[in-house]
Colleague: 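Sharing a structure below in structure tokens format, with a few things to ask.
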Amino acid sequence: MTGGRRRAATALVGCAVVVAAGAGLEVPGTAQAASTAQVPGTAAPAVYAGPLAGAVSASQHLTVQVWLKPDLAGAARFADAVATPGSAEFHHYLSPRAYTDRFGPSAAHAKALAAWLSAEGLTQVHVSGDRDYVSATGPVSQVQSAFQVRINRYRGKDANGRPRVIQSNDRDVSVPAALAPEVLGVTGLGGPRPAAPRSAAMLAAGRSAEAVKAPACSRYWAQRTQTFHPAYRGLTQGSLPVCGYTAGQIRAAYGATWTDTGKGQTVALTEDETPTAMFQTLKDYAKANHLPAPKPSQFREVRAGKSCGTTPAPTHGAAQSAAVNDEAEMDSEAVYALAPDANQLMVIGEGCDEDQALLDAALAVLTGDGHRPSASIESNSWQIPLGEVPEQTVHAIDLRAAAEGVGAYFASGDTPGLTATDSDPYVMAVGGTSLGIGAADNRVFETGWSDDYGSLDHGKWTDLGVSGGGGGTSLDYGQPAYQKGVVPASMSRVRIGKRIATDRAVPDLAADADPDTGLLTGYTESVGNGKPGPYRTMVNAGTSLACPLIAGLVADAQQGRTSAFGFINPLIYRLAGTRAFHDILPVSASAPQQNRGAYLPANGPADSAGVDVFDSQEHAYTQQVTAKGYDTMTGLGTPNGAAFITGLRHAAH
């Protein structure tokens, strides 16, 4: 890959420079192993709470990345200034190389860290092009010795309380004491992350659209309804889920126009799997949705990171992935639906550790060619749970993005609560809604995505809990200036020990994410040996859909501007309470029952029917609310077409 060779070349130049610059720096080796210090926050919480599930094979190879500490405080001051209207630095962004020169880790420290890793017997030691990290490869036995840890598998629970198994070091890693102050964290010790189990509603929505027969779904909201008995949560009627909204329906709901179509803008999509024949799929999607055909120049696919080489065996006890994974296709099609003239750069992160691969993909957009980042809008339809990676590594990437003028958009997650990737104050966190679009492409309703799922079996209801978008209040980051006076105290204040803190609230904006009101996405079936087969469709959703929808609308707003919006939060919070947003409100008890929940027919004789009750604000499950104004389900609300675009442009003056 050309981009990879450019980064490698940059690293070699950097190493040549540090021969003199680092001549006086002590390079720790194995003889100094006793003089070490732990790096706090580098072990997953599961190792302290969950029982041991087994050791990892000592011969298994790992590729680790030791992240170096930039000038975080200085970068934060610059990021605030460059994103705030009225500042002298407003929208005067830095190039990737200029950011590294001004705020990046020193070349001398990178060289010393690389020398230590080599001395520990690890191979393929490499300083990343912009010195964000130093990577190295070796068997588990050597990695354990270098970082003075044991790497095991632990049993724990996900955000929904379901069992899962994770791989992690058994304690915080240790590095030479002389280097410890310069280390943010270490990634690559965790291995593959097991697929999150899908809720019954998600599984129902994920069926192939070809297999969905009436009356299992509706072409528009409430086209078909179903009565049921006994009542569940006060409901005896619900609408059948949609068969998947078309691009035209989504465009109408969010007010997309043919004047602003994202022309001249580039949206980066970061992924962890390579889709089959993505450009052909995009052409088929455009044709099926009566959109203009994409030009070959509009889509490019690149890879970041290091190929895993071998496919790890499934983690014992882990949930199996869905038969069809069309996440990348959904990202591309969601952006195309709302910004059909925008360019798309799909960056596939590679590696045996999924979290590390995704961080590599996000960082690759920012390093670009050294002179400029690869895109000004980065849509990240994935999330990393709290504790699975050192949060400072994510924070460092986000600060680089803001300083370079790249808007980093992150899905808030498909389980209630916060993640390591959405809680950072320098990202746009995108939450989810349940969206009803009527027969005339009108907005029937939109509320916070928080569905209480009840299963009906032999005339009795069983409450299986709540599924919905992430959100809440951070325990780690204070309230950013842009949220002051907008986020209510009831949603920004949290108890930390014996004190009350006013902290960062999540999300910032939202868009359609409910599987009951999802997007009809297309994918090209693989017929074996990577060969493309026929074009298929299925319903998909989640905040993985909401994130690229927002990114597409921002690309529309950015069309024709001389400078990118970059980190957009200081701008959008200035628009709080205006027509730029649809204020998403809780479901009213007076609303028709058909707009308060979805009835999910049984898939077969062995299956049970169910009901999703919308906007279930059950504190025990979510600790989130949908409310007038800002709320922790949907943030400021959802974009309101031309008013959103016009408001954003005016706010940036």
Colleague: How are the rings of Phe567 and Tyr482 set relative to one another: parallel (under 30°), tilted (30 to 60°) or perpendicular (over 60°)?
Modeller: perpendicular

Colleague: Is it true that Asn380 and Thr270 share a donor-acceptor pair across their side chains at a distance under 3.5 Å?
Modeller: yes

Colleague: Take Glu446 and Ser434 through the side-chain hydrogen bond (donor to acceptor under 3.5 Å, both in side chains) test and state the conclusion after the steps.
Modeller: CA-CA 6 Å; Glu446 190 168 22; Ser434 303; over 6 Å; no

Colleague: Step by step, would you call Asn343 with Gln265 a side chain to side chain contact (heavy atoms under 4.5 Å, CB included)?
Modeller: CA-CA 6 Å; Asn343 298 322; Gln265 308 306 308; over 6 Å; no

Colleague: I'd like to know whether CZ of Arg443 has more than 12 heavy-atom contacts from other residues, nucleotides or ligands below 6.0 angstrom.
Modeller: yes

Colleague: Under a plain distance cut-off of 3.5 Å, with no hydrogens placed, do Asn540 and Tyr523 share a side-chain donor-acceptor pair?
Modeller: no

Colleague: Decide yes or no for Phe103 and Leu94: does some side-chain heavy atom of the first lie under 4.5 Å from some side-chain heavy atom of the second?
Modeller: yes

Colleague: Is the side chain of Thr632 donor-acceptor paired with the backbone N or O of Gly472 at a distance under 3.5 Å, no angle test?
Modeller: no

Colleague: Say whether, by atom type as modelled, one donor and one acceptor occur between the side chain of Thr433 and the main chain of Asp512 under 3.5 angstrom.
Modeller: yes

Colleague: Hey, what do you get for OH (Tyr336) to CG (Leu338), rounding to the nearest 0.5 Å?
Modeller: 12.5 Å

Colleague: Pick from Thr257, Asn289, Leu291: which one makes a side-chain contact (heavy atoms from CB on, under 4.5 Å) with Arg251?
Modeller: Leu291

Colleague: Looking at Arg649 and Asp260, does any basic side-chain N land under 4.0 Å from a carboxylate oxygen?
Modeller: yes

Colleague: Do the charged groups of Glu350 and Arg303 touch, with an N to O distance under 4.0 Å?
Modeller: yes

Colleague: When you measure from the side chain of Gln559 to the backbone N and O of Thr261, does any donor-acceptor pair fall under 3.5 Å?
Modeller: yes

Colleague: Give a yes or no on whether a salt bridge exists between Asp508 and Arg504, defined as a side-chain N under 4.0 angstrom from a carboxylate O.
Modeller: yes

Colleague: Does a side-chain N-to-carboxylate-O contact under 4.0 Å join Arg400 and Asp132?
Modeller: yes

Colleague: Judged by atom type as modelled, is there a donor-acceptor pair below 3.5 Å linking the side chain of Thr421 to the main-chain atoms of Ile384?
Modeller: yes

Colleague: Tell me whether Thr100 contacts the main-chain N or O of Pro96 through its side chain, where contact means a donor paired with an acceptor under 3.5 Å.
Modeller: yes

Colleague: I'd like to know whether the aromatic ring centres of His91 and Phe565 sit less than 6.0 Å apart in this structure.
Modeller: no

Colleague: Assess the side chains of Thr419 and Gln383: does a donor N or O sit below 3.5 Å from an acceptor N or O?
Modeller: no

Colleague: Can you check whether Tyr409 reaches Val554 side chain to side chain, under 4.5 Å on heavy atoms?
Modeller: yes

Colleague: Do Thr626 and Asp615 have side-chain atoms, one donor and one acceptor, less than 3.5 Å apart?
Modeller: yes

Colleague: Is it the case that the side chains of Thr634 and Asp631 hold a donor-acceptor pair, with the cut-off being a distance below 3.5 Å and no angle test?
Modeller: yes

Colleague: Going by the angle between their ring planes, with limits at 30° and 60°, are Trp221 and Phe445 parallel, tilted or perpendicular?
Modeller: perpendicular

Colleague: Apply ring-ring contact (aromatic ring centres under 6.0 Å, His included) to residues Phe410 and Trp382 and explain how you reach the verdict.
Modeller: CA-CA 7 Å; Phe410 274 93; Trp382 43 271; 5.2 Å; yes

Colleague: Side chains of Ser376 and Gln558: closer than 4.5 Å at any heavy-atom pair?
Modeller: yes

Colleague: May I ask you to check whether over 12 heavy atoms, not counting those of His290, lie within 6.0 Å of atom NE2?
Modeller: no

